[in-house]
Amino acid sequence: MKHLDEYRDPALARKLLAEIAAVTTRPWVIMEICGGHTHAIIRHGIDLLLPRQLELVHGPGCPVCVTPVALIDQALALARRPEVIFTSFGDMLRVPGSRESLARIRARGGDIRTVYSPLEAVNLAVQNPAQEVVFFAVGFETTAPGNALAVQQAARLGLTNFSLLVSHVLVPPAIGALLAAPDNRIQAFLAPGHVCTVEGLQDYEAMAAAHQVPMVPAGFEPVDILAAILLLVRQLEEGRAQVENEYRRSVRPEGNPAARLAVEQVFQVCHRTWRGLGEIPASGLRLRPEFAAFDAQCKFALEETGEMESPQCISGAILRGESKPPQCPAFGKECTPEHPLGATMVSSEGACAAYRHANRQ
């Protein structure tokens, strides 16, 4: 299969592993910030094939996992309202809020629908003018353009029964917060390929220079990840801190200007609370004032609620790269994909789900 098999070539993977082993002389800690990378690393056993001096730690790059409990509780409050059709991507349905999940409300008869695009939610609003349609707009820089286009489409159609519950977050400020932590051990980053495809490399180049941390955007196949790790280790060993683009077939230095423009037209930067990381300044997006009519928090006067996390769940430490899923006493016992205690076990990009699906202990 052209443009895929070459990135799964066992011979090339073994060559890259040998090169990594040859250049590694000291212990290094590398974080993959994207949940897609976490799943690829665990699925292919890449972390088990690396030299023992190299430690890969998992980051907060799962959009479902970092959505704060307070926002999920607001989603639950909206989903209970009889006049609301609540729409969301499927991953969010089983993520626990303080007391329950969207899936449980749907089981009791709540009108909660899984969609594959925010434009599907716009169409539902067109088809159901007597009801309010709310879309749960979570995610990083990758999902924001689609949600911006949905708002622009709703505005063009003159819809008054469509709104977003917004929980967008931005990756670079989270990287900055992780590096600023007093107990930080991270020395290099496997940068998120999809996010960089949208946003480009400028912010990452600035961060690499400011924090003297190497960063390499990577694709999601085994050869991609190994090639990126080799670039990172070479930089660490040589004392360099630059952005080197391994994912050239997708990431351009300027990103995707059309997608960025749509986001800039509809959203503005705001402070945002991340599940497991707390509030990070300028790390989120909210709707611009001219689109306030599409803001579900304003439209329904939603109130902030207290958060109740499971005391057994250590997903916060996992999202900060401080712990790994098997270190959680509840992993695979009280917490399973069927009965999750935290978002990292539910999401298709969550680190706990990656270990569980690979039967890793």
Undergrad: Please examine the side chains of Asp224 and Glu246, heavy atoms only from C-beta on, and report whether any two atoms are closer than 4.5 Å.
TA: yes
Undergrad: Between Glu19 and Lys15, is the closest basic N to carboxylate O distance under 4.0 Å?
TA: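 Glu19 and Lys15: salt-bridged.
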Undergrad: Between Glu132 and Lys299, does at least one N-O distance fall below 4.0 Å, as a salt bridge requires?
TA: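 Yes, Glu132 and Lys299 are salt-bridged.
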Undergrad: Shared ILVMFWY cluster between Val263 and Val166, side chains joined below 4.5 angstrom?
TA: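 Hydrophobic grouping puts Val263 with Val166.
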Undergrad: Evaluate the side-chain proximity of Phe300 to Gln74: yes if any heavy-atom separation is below 4.5 Å, no if none is.
TA: no
Undergrad: If only atom types and distance count, is the side chain of Gln235 paired as donor or acceptor with the main-chain N or O of Gln242 below 3.5 Å?
TA: yes
Undergrad: Flag the pair Pro51 / Ile20 as yes when at least one side-chain heavy-atom distance between them is below 4.5 Å, and no otherwise.
TA: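 Yes. Closest side-chain heavy atoms under 4.5 Å.
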Undergrad: Please test Leu164 against Asp295 for side-chain contact (heavy atoms from CB on, under 4.5 Å), starting from the C-alpha separation and ending with a verdict.
TA: CA-CA 5 Å; Leu164 300 182; Asp295 187 337; over 6 Å; no
Undergrad: Does any non-hydrogen side-chain atom of Leu93 lie less than 4.5 Å from one of Thr114?
TA: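 Counting from C-beta outward, Thr114 and Leu93 do come under 4.5 Å.
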Undergrad: Any donor and acceptor pair, going by atom type alone, linking the side chain of His39 with main-chain N or O of Gly350 inside 3.5 Å?
TA: yes
Undergrad: Would you list the atom pairs, donor with acceptor, under 3.5 Å between side chains in residues 171-183 and any protein atom, with sequence neighbours excluded?
TA:
none

Undergrad: Indicate yes or no for a side-chain donor-acceptor contact from Gln187 to the backbone of Val29 under 3.5 Å, with no hydrogens or angles considered.
TA: yes
Undergrad: How are the rings of Phe220 and His37 set to each other: parallel, tilted or perpendicular (split at 30° and 60°)?
TA: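 It falls in the parallel class, under 30°.
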Undergrad: Any side-chain heavy atom of Leu170 sitting closer than 4.5 Å to one from Glu141?
TA: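 When only atoms from C-beta onward are counted, Glu141 and Leu170 do touch, with a gap below 4.5 Å.
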Undergrad: What distance separates Thr87 OG1 from Leu124 CG, expressed to the nearest 0.5 Å?
TA: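 Between atom OG1 of Thr87 and atom CG of Leu124 there are 7.0 Å.
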Undergrad: Evaluate side-chain contact (heavy atoms from CB on, under 4.5 Å) for Ile112 paired with Ile85, printing each intermediate quantity in order.
TA: CA-CA 6 Å; Ile112 300 170; Ile85 300 173; over 6 Å; no
Undergrad: Residues two or more places apart in sequence or in another chain: which of them pass salt bridge (charged side-chain N to carboxylate O under 4.0 Å, His left out) with Arg360?
TA: Asp47
Undergrad: So, does Glu120 use its side chain to make a donor-acceptor pair with the main chain of Tyr116 at under 3.5 Å?
TA: yes
Undergrad: Ignoring hydrogens and geometry, is there a side-chain-to-backbone donor-acceptor pair from Arg272 to Leu285 under 3.5 Å?
TA: yes
Undergrad: State which residue, out of Phe136, Trp274, Phe267, Phe140, fulfils the ring pair (Phe, Tyr, Trp, His ring centres under 6.0 Å) condition with His168.
TA: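 So the option named by the test is Phe267.
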Undergrad: Val69 and Leu341: same hydrophobic cluster, using ILVMFWY side-chain contacts below 4.5 Å?
TA: no
Undergrad: Are there over 12 heavy-atom neighbours, none belonging to Arg240, within less than 6.0 Å of that residue's CZ?
TA: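 Yes, the 6.0 Å shell around CZ holds more than 12 heavy atoms from other groups.
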Undergrad: Could you pull out the closest heavy-atom pair between Ala354 and Thr38, with the gap in Å?
TA: CB-CG2, 4.3 Å
Undergrad: Here's one to test your reading of the geometry: is the NZ or CZ of Arg249 within 45 degrees of the ring axis of Tyr7 and under 6.0 Å from its centre?
TA: yes
Undergrad: When hydrophobic residues are tied together by side-chain contacts of less than 4.5 Å, even through go-betweens, does Leu277 share a cluster with Val95?
TA: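 Per the 4.5 Å side-chain linkage, Leu277 and Val95 are not co-clustered.
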Undergrad: Can you find a pair of side-chain heavy atoms, one from Ile72 and one from Arg275, that are under 4.5 Å apart?
TA: yes
Undergrad: Measuring from Cys270:SG to Arg288:CZ, what's the distance to the nearest 0.5 Å?
TA: 11.5 Å
Undergrad: If I compare all heavy atoms of Ile33 with all of Pro60, which pair ends up nearest, and what's the gap?
TA: CD1-CD, 3.5 Å
Undergrad: Heavy atoms only: give me the nearest Pro118-Gly146 pair and the separation to one decimal.
TA: CG-O, 3.5 Å
Undergrad: Tell me whether Asn161 contacts the main-chain N or O of Val133 through its side chain, where contact means a donor paired with an acceptor under 3.5 Å.
TA: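 Such a contact is absent between Asn161 side chain and Val133 backbone.
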Undergrad: Scan the side chains in residues 196-211 for donor-acceptor partners under 3.5 Å anywhere in the protein, sequence neighbours excluded, and list what turns up.
TA:
unit_1, atom_1, unit_2, atom_2, d
Thr197, OG1, Gly193, O, 2.8
Thr197, OG1, Ser250, OG, 2.8

Undergrad: Donor-acceptor pair, distance only, cut-off 3.5 Å: does the side chain of Arg104 make one with the backbone of Pro96?
TA: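 Side chain of Arg104 to backbone of Pro96: no pair is present.
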Undergrad: Evaluate side-chain contact (heavy atoms from CB on, under 4.5 Å) for Phe331 paired with Met345, printing each intermediate quantity in order.
TA: CA-CA 9 Å; Phe331 178 77; Met345 183 60 89; 3.7 Å; yes
Undergrad: Pairs under 3.5 angstrom only: tabulate donor-acceptor contacts from the side chains of residues 313-321 to other protein residues two or more places apart or in another chain.
TA:
unit_1, atom_1, unit_2, atom_2, d
Arg320, NE, Glu322, OE1, 3.3
Arg320, NE, Glu322, OE2, 3.0
Arg320, NH1, Gly276, O, 2.4
Arg320, NH1, Gly316, O, 3.3
Arg320, NH2, Glu322, OE1, 3.3

Undergrad: Check for a donor-acceptor pair, side chain of Asn184 on one end and backbone N or O of Ile186 on the other, with a separation under 3.5 Å.
TA: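 Yes.
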Undergrad: Looking only at heavy atoms, which two atoms of Leu78 and Ala296 are closest? And how far apart?
TA: CD1-CB, 4.2 Å
Undergrad: Could you give all pairs that pass the salt bridge (charged side-chain N to carboxylate O under 4.0 Å, His left out) test and reach residues 25-36, with sequence neighbours left out?
TA: Arg26-Glu237
Undergrad: Would you call Arg260 and Glu254 a salt bridge, using N to O less than 4.0 angstrom?
TA: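 No, Arg260 and Glu254 are not salt-bridged.
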Undergrad: At what distance, to the nearest 0.5 angstrom, does CG of Leu12 lie from CD of Glu6?
TA: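 One gets 9.5 Å once the value is rounded to the nearest 0.5 Å.
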Undergrad: Please assess Gln131 against Glu83 for the test side-chain contact (heavy atoms from CB on, under 4.5 Å), listing each intermediate value before the final yes or no.
TA: CA-CA 5 Å; Gln131 290 188 278; Glu83 77 276 23; 5.6 Å; no
Undergrad: Rounded at 0.5 Å granularity, tell me how far CD in Gln152 sits from CG in Leu157.
TA: 12.0 Å
Undergrad: Report the distance from atom CZ of Arg113 to atom CZ of Phe86, rounding to the nearest 0.5 Å.
TA: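 Answer rounded to 0.5 Å: 13.5 Å.
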Undergrad: With a sphere of 6.0 Å drawn around CZ of Arg80, does it hold more than 12 non-hydrogen atoms of other residues, nucleotides or ligands?
TA: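 Counting neighbours around CZ of Arg80, more than 12 heavy atoms of other residues, nucleotides or ligands fall under 6.0 Å, so yes.
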Undergrad: For Thr67 and Pro63, indicate whether the former's side chain and the latter's backbone hold a donor-acceptor pair under 3.5 Å.
TA: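 Yes; at least one donor-acceptor contact below 3.5 Å.
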Undergrad: Can you find a heavy atom in the side chain of Val126 that is under 4.5 Å from one in the side chain of Leu159?
TA: yes
Undergrad: Once the angle between the rings of Tyr355 and His58 is folded into 0 to 90°, is it parallel (under 30°), tilted (30 to 60°) or perpendicular (over 60°)?
TA: perpendicular
Undergrad: Would you please name every residue forming a ring-ring contact (aromatic ring centres under 6.0 Å, His included) with Phe135, sequence neighbours left out?
TA: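 ring-ring contact (aromatic ring centres under 6.0 Å, His included) list for Phe135, sorted by chain: Phe89.
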Undergrad: Nearest 0.5 angstrom please: Glu100 CD to Asp73 CG, how far?
TA: 9.0 Å
Undergrad: Between Leu71 and Val138, is there a side-chain heavy-atom distance shorter than 4.5 Å?
TA: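 Side chain of Val138 against side chain of Leu71, heavy atoms only: no contact under 4.5 Å found.
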Undergrad: Which heavy atom of Leu149 sits nearest a heavy atom of Ala262, and at what distance?
TA: CD2-CB, 4.2 Å
Undergrad: Around atom CZ of Arg156, are there more than 12 heavy atoms of other residues, nucleotides or ligands at under 6.0 Å?
TA: yes
Undergrad: Are Val66 and Leu165 linked, directly or through other ILVMFWY residues, by side chains that come within less than 4.5 angstrom of each other?
TA: no
Undergrad: His339 side chain to Cys335 main-chain N or O, any donor-acceptor pair under 3.5 Å?
TA: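 Absent.
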Undergrad: Should Leu231 and Leu190 be counted in the same cluster of Ile, Leu, Val, Met, Phe, Trp and Tyr side chains packed under 4.5 Å apart?
TA: yes
